[in-house]
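Presented below is the structure to which this report refers.
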Amino acid sequence: MASAVSMKDVLSCPAHILPDVTLTPMDPDAAPKYKPPSSILIIGAGVFGLSTALALTKRPEFASTTSITVLDRSPDPGVFPARDASSIDSSRIIRPDYADPAYAALASEAQAHWRQTDPASLGGEGRYTESGFILASDSGPMEREDGSPTGIAYAKKSWINALALAQREGRPLSTVRMLPYSQSIAKMSGTGGEFADWGYINDASGWADAERSMKWFFEKVAATGRITFANGTAESLETDDSTKRVTGARLKDGSTLSADLVIVAAGAWTPTLVDLSSQAVATGQVLGYLELTEEEQAKLEKIPVLLNISTGFFVIPPRNRVLKVARHGYGYLNPKPLAKPPSGIPGSKATSKLVSQPYTHLDNSALSIPPEGETALRKALRKIIPWPELQDRPFSKTRLCWYTDTPTGDWIIDHHPYWNGLFIATGGSGHAFKFLPVIGDKVVDCIMGKCPVEFQKKWKWRETQVTETPIVTQDGSRGGKIGLILETEMNQVQT
Ligand SMILES: Cc1cc2nc3c(=O)[nH]c(=O)nc-3n(C[C@H](O)[C@H](O)[C@H](O)COP(=O)(O)OP(=O)(O)OC[C@H]3O[C@@H](n4cnc5c(N)ncnc54)[C@H](O)[C@@H]3O)c2cc1C
């Protein structure tokens with residue numbers, strides 16, 4: 001069973017106190033008998049939606065008798081998910097390096113799939129690269145004033161869990177090496193950048209080509225022949241108030257799709273369909289891409305993934321002469337009114353009038369990022385890769401990508417407490433991509449009442465509370481300023 005370590009443990013020699021980083025399956029006899037629905041509609045074909053679809057096809061309970069439809073607002077016929085989904089990008093970090101041992105254990109399960117690199121497997125044909133990963137932080141206190149962990153606390157707990165996983169997976173502990181000074185980080189980074197004060201390198205972490213991995217995964221799901229894919233935007237959920245049941249979705253074109261079970265896996269758009277006030281919020285995150293010369297590509301393609309978890313800035317090794325720099329931050333809020341209120345608990349006082357919603361390059365092809373974000377990315381790049389030739393090279397492309405943030409960074413994978421026939425699978429909080437090969441299995445376990453023990457509380461629907469304070473993910477992994485409003489920041493002048 002995954003067990004947490006105390007701060008005292010973290011600061012002492014770890015070798016003999018490594019925590020147990022395994023997940024406990026739920027006793028199958030303890031789960032209620034599950035009666036599968038005859039039809040399922042999954043809204044969203046990102047990591048959560050596609051992975052769930054594949055897992056459903058593998059379960060005997062849902063075999064042949066249950067029809068399964070995946071709906072996505074992707075405007076390109078037959079293309080799933082939409083190109084502005086957060087699951088689509090040049091790269092995503094694949095790391096079991098988590099402060100929370102339960103996510104570390106689950107990420108280790110996922111990594112067993114990513115490490116299958118024969119051409120027919122997920123990690124094959126360059127979809128996964130085990131480059132190593134430096135997780136580093138600024139020095140300072142372990143806790144903020146509100147008691148939430150800081151970056152250094154996250155980094156040190158993660159280091160312990162990474163060592164524990166090395167031991168469990170039979171790798172030498174030397175595959176996880178402490179980097180106690182900024183100089184050791186600079187040396188190990190391969191860039192010379194003194195971008196943090198303390199950290200470690202995990203040789204067993206890496207990165208994935210997200211777009212190509214999603215394509216591979218979509219094709220695998222489609223090849224089952226069990227799923228109907230539909231292009232279209234769900235505008236609202238259809239409900240039957242007398243039975244307190246969600247019966248399907250109404251689409252923007254006026255048509256409806258009916259199902260006995262509706263799984264909303266719409267990523268950062270989920271709060272537009274289901275009232276998630278005080279539980280999850282869409283936050284816009286900045287990315288910058290820099291074109292490199294062949295020589296620079298050759299020098300940088302062997303570096304590990306580099307992350308300062310206190311500031312949130314990270315660099316992923318380049319592919320095809322494009323380097324990516326991004327910020328795992330608190331992000332921008334984009335509060336806007338909705339044409340139709342999201343499905344909530346009738347009479348709930350918590351329903352917000354304005355809901356933060358994604359705004360992407362599919363809404364506006366000329367969309368750039370706020371000057372604050374661009375300046376911050378530039379500053380971070382100079383620190384992480386302090387090479388004169390890259391200092392002022394303009395970004396060839398920038399992007400706003402949307403997280404579905406929860407207060408703790410835990411996902412929401414649960415039946416809706418009021419509406420029968422409604423299940424929520426979201427709350428990726430900027431770290432769910434790596435779980436693509438395993439998350440669907442866990443979603444299906446939770447649908448059937450068999451949520452893994454360690455995640456039962458973490459993934460539960462939280463009681464909606466009346467609060468005007470915006471949701472802020474305080475798991476120690478975020479940088480930037482809290483509460484920035486996208487529209488205001490877009491109108492600022494670059495400094
Ligand atoms: C900049 C950035 C960097 C990240 N880095 C990492 C990383 O390094 N490692 C990692 O593990 N994770 C990372 N993540 C997080 C990870 O990518 C996400 O947690 C994950 O992809 C979320 O998947 P999802 O299925 O919830 O959402 P999405 O991929 O956004 O999928 C939701 C889908 O729902 C569809 N949809 C929405 N509304 C509707 C509607 N009304 N009707 C029909 N369809 C709808 C959308 O079109 C979309 O395709 C990062 C995310 C971002 C944005």
Side-chain angles (χ1 to χ4, degrees), residues 41-53 69-76 79-98 103 106-107 110-111 114 133 205-208 210-211 213-214 218 230-237 249-252 257 263-274 280 282-288 305 307 312 314 316 324-329 331 338 340 342 357-358 360 362 369 373 399-406 409 411-413 424-436 439-440 443 477:
L41 171 64
I42 302 174
I43 303 177
V47 161
F48 281 89
L50 274 191
S51 189
T52 301
T69 302
V70 173
L71 173 76
D72 198 287
R73 53 179 263 297
S74 169
D76 308 309
V79 174
F80 297 92
R83 298 299 92 175
D84 61 350
S86 75
S87 304
I88 296 290
D89 194 8
S90 57
S91 48
R92 290 280 180 261
I93 305 171
I94 307 295
R95 55 161 172 123
D97 304 81
Y98 272 86
Y103 286 99
L106 188 60
Q111 240 184 332
W114 288 108
F133 171 50
S205 297
W207 62 278
E211 183 159 359
S213 302
M214 288 304 287
F218 165 66
N231 292 87
T233 302
E235 197 176 36
S236 60
L237 300 180
R250 175 167 291 273
L251 275 58
K252 266 207 171 128
L257 280 172
I263 302 172
V264 183
W269 292 264
T270 306
T272 67
L273 291 172
V274 181
T283 65
Q285 308 287 333
V286 287
L287 297 137
V305 174
L307 165 69
F314 61 95
I316 297 187
K324 176 173 127 180
V325 56
R327 178 172 65 191
H328 181 59
L338 282 171
K340 289 204 169 168
Q357 296 171 43
T360 74
L362 290 189
I369 58 174
R399 184 183 167 197
L400 266 183
C401 182
W402 292 81
Y403 285 0
T404 323
D405 275 336
T406 67
W411 309 323
I412 305 170
I413 302 181
I424 317 296
T426 192
S429 302
H431 68 96
F433 185 85
K434 64 186 73 60
F435 300 95
L436 172 67
I439 204 166
V443 171
S477 75

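All ligand and atom numbering here is 1-based and tracks the order in the structure. As a basis for the values below, the full set of heavy atoms in this structure was taken, side chains included, without hydrogen atoms, waters or symmetry mates.
- Note on ring orientation: taking the six-membered ring where Trp is involved, the planes of W411 and F435 are perpendicular (angle over 60°, cut-offs 30° and 60°).
- For T270 (side chain) and G267 (main-chain N/O), a donor-acceptor pair under 3.5 Å exists by modelled atom type.
- In this structure, G427 does not count as a contact residue of ligand 1, since none of its heavy atoms falls inside 4.0 Å of the ligand.
- Proximity to G232 (heavy-atom distance under 4.0 Å) selects the following atoms of ligand 1: 42 (N), 43 (C).
- Taking the six-membered ring where the residue is Trp, F80 and F218 present tilted rings, their angle falling between 30° and 60°.
- Atoms of ligand 1 lying under 4.0 Å from any heavy atom of A82, numbered from 1 in the order shown and given with element: 47 (O), 49 (O).
- When only interatomic distances are considered, the shortest N/O to N/O separation between A85 and ligand 1 does not fall below 3.5 Å.
- The closest donor-acceptor contact from the side chain of K324 to the backbone of S91 lies under 3.5 Å.
- At a 3.5 angstrom cut-off on N or O pairs, W402 does not count as close to ligand 1.
- Every atom of ligand 1 is numbered from 1 in the order shown, and the set under 4.0 Å from a heavy atom of L287 is 1 (C).
- No part of D84 comes within 4.0 Å of ligand 1, judged by heavy-atom distances.
- Summary of contacts: the protein heavy atom closest to atom 53 (C) of ligand 1 is C401 SG, 2.2 Å.
- Of all atoms in ligand 1, listed by their number and element, those nearer than 4.0 Å to a heavy atom of G44 are 33 (C), 34 (O), 35 (C).
- Between Q285 atom CD and W402 atom CH2 the span is 9.0 Å, to the nearest 0.5 Å.
- Shortest contact from atom 11 (O) of ligand 1 to any protein heavy atom: K434 NZ, 2.7 Å.
- Between K434 and D97, none of the side-chain N atoms (NZ, or NE/NH1/NH2) sits under 4.0 Å from a carboxylate O, so this pair counts as no salt bridge.
- Of the inter-residue distances, the one linking L287 atom CG with I316 atom CD1 reads 9.0 Å to the nearest 0.5 angstrom.
- Between H431 and ligand 1, at least one pair of N/O atoms sits closer than 3.5 Å.
- At least one N/O-N/O distance between F433 and ligand 1 falls below 3.5 Å.
- Without hydrogens or angle criteria, R83 side chain to P81 main chain gives a donor-acceptor distance under 3.5 Å.
- Of all protein heavy atoms, the one closest to atom 38 (N) of ligand 1 is W269 CB, 3.2 Å.
- At the shortest separation from atom 31 (O) of ligand 1 among protein heavy atoms lies G46 CA, 3.4 Å.
- An N or O contact shorter than 3.5 Å links A432 to ligand 1 by distance.
- Heavy atoms from both the backbone and the side chain of R73 come within less than 4.0 Å of ligand 1.
- Distance check: L400 CG to T283 OG1 gives 10.0 Å after rounding to the nearest 0.5 Å.
- Counted by atom type alone, Y98 and H431 present one or more donor-acceptor pairs between their side chains at under 3.5 Å.
- The one candidate from L257, N231, T233, I42 that meets the side chain to side chain contact (heavy atoms under 4.5 Å, CB included) condition with L71 is L257.
- Within the set R92, R399, E235, Q285, the minimum heavy-atom distance to atom 50 (C) of ligand 1 is found for R92.
- Contacts of T404 with ligand 1, taken as heavy-atom pairs under 4.0 Å, are absent altogether.
- Against a heavy-atom cut-off of under 4.0 Å, I93 is close to the following atoms of ligand 1: 7 (C), 8 (O), 9 (N), 10 (C), 11 (O).
- Closest heavy-atom approach to atom 29 (O) of ligand 1 within the set S87, G430, A208: this belongs to S87.
- Set against the non-hydrogen atoms of L273, the atoms of ligand 1 under 4.0 Å away are 41 (N).
- Scanning the protein for heavy atoms near atom 48 (C) of ligand 1, the closest one is D72 OD2, 3.4 Å.
- Compare S429, S86, G428 by their heavy atoms: the one nearest to atom 22 (C) of ligand 1 is in S86.
- S51 contributes a side-chain N or O that, together with a main-chain N or O of L436, makes up a donor-acceptor pair within less than 3.5 Å.
- For atom 51 (C) of ligand 1, the nearest non-hydrogen atom of the protein is Y403 CE1, 3.3 Å.
- Remark: side-chain polar atoms of S429 are paired, donor with acceptor, to backbone N or O of T406 under 3.5 angstrom.
- Put simply, CZ on F433 and CE on M214 are 6.0 Å apart, with the number rounded to the nearest 0.5 Å.
- Annotation: atom 42 (N) of ligand 1 to nearest protein heavy atom, A234 N, 2.9 Å.
- In I316, neither the side chain nor the backbone holds a heavy atom less than 4.0 Å from any atom of ligand 1.
- In this structure, T52 contributes its side chain and G440 its backbone to no donor-acceptor pair below 3.5 Å.
- The OG1 atom of T360 sits 6.0 Å away from the CH2 atom of W269 when rounded to the nearest 0.5 Å.
- Ligand 1 lies within reach of A265, whose nearest heavy atom is under 4.0 Å from it.
- For atom 26 (O) of ligand 1, the closest non-hydrogen atom of the protein is F48 CD1, 3.1 Å.
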